[in-house]
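See below for the structure under consideration.
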Amino acid sequence: MKTVQIILTVVLTSCFFFPFEFTFLMGVNTKIMLAVLGIPIMGYHLIKMGKASFSKEILIASAIATVFSLIGVYSVDINNSQDYSYATYFISMWIWLSASYVACTAIAQVHGKLSVRLLVNYLIVVCLLQCALALLIDFVPAVKVFVDRYFSNGITEFLNEVERIYGIGAALDVAGVRFSAVLIMIAVLLSKDDQIRHNQGLVTFYILSFLLIAGIGNMMSRTTLLGMVGGIGYLILTMGRFGPNINYVHIKLWATILITFMLVFLVGAYFYQTNPAVRELLRFGFEGFFNWVEEGEWRTDSTDRLNGTMWIWPEANDIRTWLIGKATFSDWFAVRTDIGYCRFIFYSGLLGLSTFTLFFVYLSIALARKFICYRQLFLLFFLLLLVNWFKVSTDIFLVYAPFLVMGSPYLYHTYFSHEKVIPTSK
């Protein structure tokens with residue numbers, strides 16, 4: 001029974017982290033369904049507490065989101081636009097919060113506790129599941145027919161046209177940035193969690209998960225490279241220094257990393273040599289690496305296009321657009337750029353972009369103070385956001401949402417379990 005409950009909770013977490021629509025129920029995705037379910041659960045918890053109490057982190061974040069939304073509404077109004085993409089961000093924020101509340105509550109009910117490690121474990125399994133689904137959909141026609149018939153990513157036809165692999169709700173940069181966030185979470189756990197570092201089996205699981213998500217994730221979206229590089233860089237900075245007093249835990253961990261990497265590399269090399277489809281996926285996912293080896297230059301077609309044609313800004317003398325934007329976001333052809341910074345400027349100007357950035361600055365600082373042992377995790381989330389906006393405008397609030405929910409009064413005081421971690425200052 002416990003196994004069944006865990007499986008159902010994994011599915012529920014995937015419906016939050018990678019929402020999708022059923023083709024026979026278009027217009028309502030799983031995020032909306034969970035958010036509707038989350039409202040009575042929140043209400044029930046407030047009744048059990050005997051007071052309507054929300055964490056100050058949620059209240060302050062909501063206030064900043066409201067200001068950002070009002071800037072968007074003003075831009076829509078003065079530009080006579082009908083594009084409310086970010087003018088309703090306060091509502092979007094609370095939909096994500098409510099949906100994540102359901103996932104976190106389910107985890108707490110199944111395990112009788114909540115912790116950062118437990119949440120990350122579920123997100124790891126969800127990402128591995130999406131990676132496995134992506135390969136099954138691509139290599140097994142019957143699975144592809146079934147998924148395309150009953151599940152919608154919203155852009156399935158486009159994905160098939162450009163021959164990109166996808167999971168259920170996981171595709172393109174949306175999948176890439178979420179994979180990246182989970183890769184960063186794995187790296188921080190390996191560096192900070194004392195229980196994991198002293199358990200060879202757990203270390204192997206996290207390293208193998210990191211490599212699989214990084215490898216297959218890049219085949220789905222090369223944005224995953226951000227999390228892969230960030231995670232590896234973080235591990236090197238926090239555990240790669242060997243002084244006079246050698247830390248044998250670090251040596252053992254790096255030995256496990258290298259052995260696991262070699263095994264995964266050998267398996268990948270075998271399929272690269274024997275399977276043309278896998279070779280094509282690997283060459284796409286790691287195009288920069290192959291170009292570097294074969295041509296002596298690290299480059300990809302997408303980065304060439306971004307750097308060559310995508311840096312589009314308002315006219316220098318168009319002060320109103322620079323300040324408040326044109327309330328144009330959904331219509332890509334109106335601005336013709338994917339770069340996040342450019343798109344936010346065109347939607348709500350520097351006022352909107354600075355307020356939206358402030359929103360994530362506050363979230364990162366507030367959650368770093370709430371979960372002080374993992375405070376570096378939220379700095380890395382913020383850096384991921386800033387770097388990601390050089391490529392696309394993907395919103396990563398859903399990555400912060402479960403941590404905000406875990407810090408809410410009822411769940412935090414009833415279920416949250418503090419793990420034994422290495423002090424952040426070390």
Side-chain angles (χ1 to χ4, degrees), residues 1-20 29-46 48-49 54-55 57-58 94-130 168-170 178-179 181-186 188-190 192-193 195-196 199 202 205-206 209 213 363 367 370-371 373-374 377-378 381 396-421:
M1 192 62 190
K2 183 70 172 288
T3 301
V4 172
Q5 290 175 338
I6 291 173
I7 292 172
L8 290 176
T9 304
V10 168
V11 173
L12 201 64
T13 305
S14 186
C15 288
F16 152 69
F17 206 61
F18 293 104
F20 61 89
N29 62 30
T30 53
K31 175 185 67 176
I32 302 295
M33 296 177 188
L34 290 177
V36 170
L37 183 59
I39 295 172
I41 294 176
M42 282 187 194
Y44 174 68
H45 288 170
L46 292 177
K48 288 193 73 174
M49 285 192 301
F54 294 93
S55 69
E57 292 85 7
I58 288 179
W94 270 91
I95 288 174
W96 279 118
L97 275 177
S98 186
S100 65
Y101 202 93
V102 177
C104 288
T105 300
I107 294 171
Q109 288 290 325
V110 170
H111 298 276
K113 66 176 182 178
L114 264 178
S115 67
V116 172
R117 185 196 309 133
L118 193 55
L119 171 65
V120 174
N121 286 346
Y122 271 91
L123 294 178
I124 289 170
V125 173
V126 164
C127 289
L128 290 173
L129 177 64
Q130 290 292 346
I168 297 178
R178 295 172 197 184
F179 286 152
V182 173
L183 292 176
I184 289 171
M185 293 180 204
I186 293 173
V188 172
L189 279 186
L190 283 169
K192 294 297 177 187
D193 195 302
Q195 181 179 334
I196 292 172
N199 187 314
L202 285 176
F205 165 75
Y206 284 107
S209 298
I213 294 170
L363 286 174
L367 290 173
K370 189 79 172 185
F371 304 98
C373 294
Y374 293 103
L377 173 63
F378 304 102
F381 283 167
I396 71 166
F397 173 71
L398 85 159
V399 175
Y400 289 87
F403 296 96
L404 275 175
V405 165
M406 282 199 298
S408 62
Y410 181 81
L411 292 179
Y412 190 78
H413 294 298
T414 306
Y415 292 107
F416 189 76
S417 173
H418 293 274
E419 299 139 325
K420 185 181 179 183
V421 299

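Atom CE of residue Met42 and atom OG of residue Ser408 lie 7.5 Å apart, to the nearest 0.5 angstrom. For the atom pair CG (Leu411) and NZ (Lys113), the distance works out to 15.5 Å, reported to the nearest 0.5 Å. To the nearest 0.5 Å, atom OG of residue Ser55 and atom CE of residue Met406 are 12.0 Å apart. Summarising the geometry, atom CG belonging to Leu123 is positioned 11.0 Å from atom CG belonging to Leu128; distances are rounded to the nearest 0.5 Å. Here the CD1-CG distance, from Ile32 to Leu37, works out to 13.0 Å after rounding to the nearest 0.5 Å. Atoms OH and CD, on Tyr400 and Glu57 in that order, are 14.0 Å from each other to the nearest 0.5 Å.
At a threshold of 4.5 Å between non-hydrogen side-chain atoms, the residues Leu398 and Arg178 count as touching. By the 4.5 Å heavy-atom criterion applied to side chains, Ile184 and Leu377 are counted as neighbours. Contact annotation: the side chain of Thr9 never approaches that of His111 to less than 4.5 Å [non-hydrogen atoms, C-beta and beyond]. With a 4.5 Å cut-off on side-chain heavy atoms, Phe205 and Ile196 do not count as touching. Pro409 has its side chain within reach of Met49: a pair of non-hydrogen atoms, C-beta onward, lies under 4.5 Å apart. In this structure, Pro402 and Phe16 have side chains that are in contact, with non-hydrogen atoms separated by less than 4.5 Å. Looking at heavy atoms from C-beta onward, Met185 lies out of side-chain contact with Leu189 at the 4.5 angstrom threshold. Gln130 has its side chain out of reach of Phe17: every pair of non-hydrogen atoms, C-beta onward, lies at least 4.5 Å apart.
A ring-centre distance under 6.0 Å is found for Phe179 and Phe18. In this structure, Phe378 has its ring center under 6.0 Å from that of Phe403.
When each of Leu367, Val120, Val116 is checked for a side-chain contact (heavy atoms from CB on, under 4.5 Å) with Tyr374, only Val116 meets the rule.
Residue Cys104 comes nearest to Leu114 through the heavy atom pair O-CD2, 3.7 Å, listed as atom of the first residue, atom of the second, then distance. Residues Phe20 and Cys15 come closest through the heavy atom pair CE2-SG, 3.9 Å. What you find for Cys127 and Val182 is that their closest heavy atoms are SG-CG2, 3.6 Å. Of all non-hydrogen atoms in Thr13 and Ile107, the two that sit nearest each other are OG1-CD1, 4.3 Å. Among all heavy-atom pairs drawn from Leu202 and Gln195, the shortest one is CD1-O, 4.3 Å. Summarising the geometry of Pro19 relative to Trp96, their closest heavy-atom pair is CG-CH2, 3.8 Å, with the distance given to 0.1 Å.
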List the steps, then state whether side chain to side chain contact (heavy atoms under 4.5 Å, CB included) holds for Tyr101 with Leu404. CA-CA 9 Å; Tyr101 202 93; Leu404 275 175; over 6 Å; no
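Ser14 places no side-chain N or O within 3.5 Å of a backbone atom of Val11 that could act as its donor or acceptor partner.
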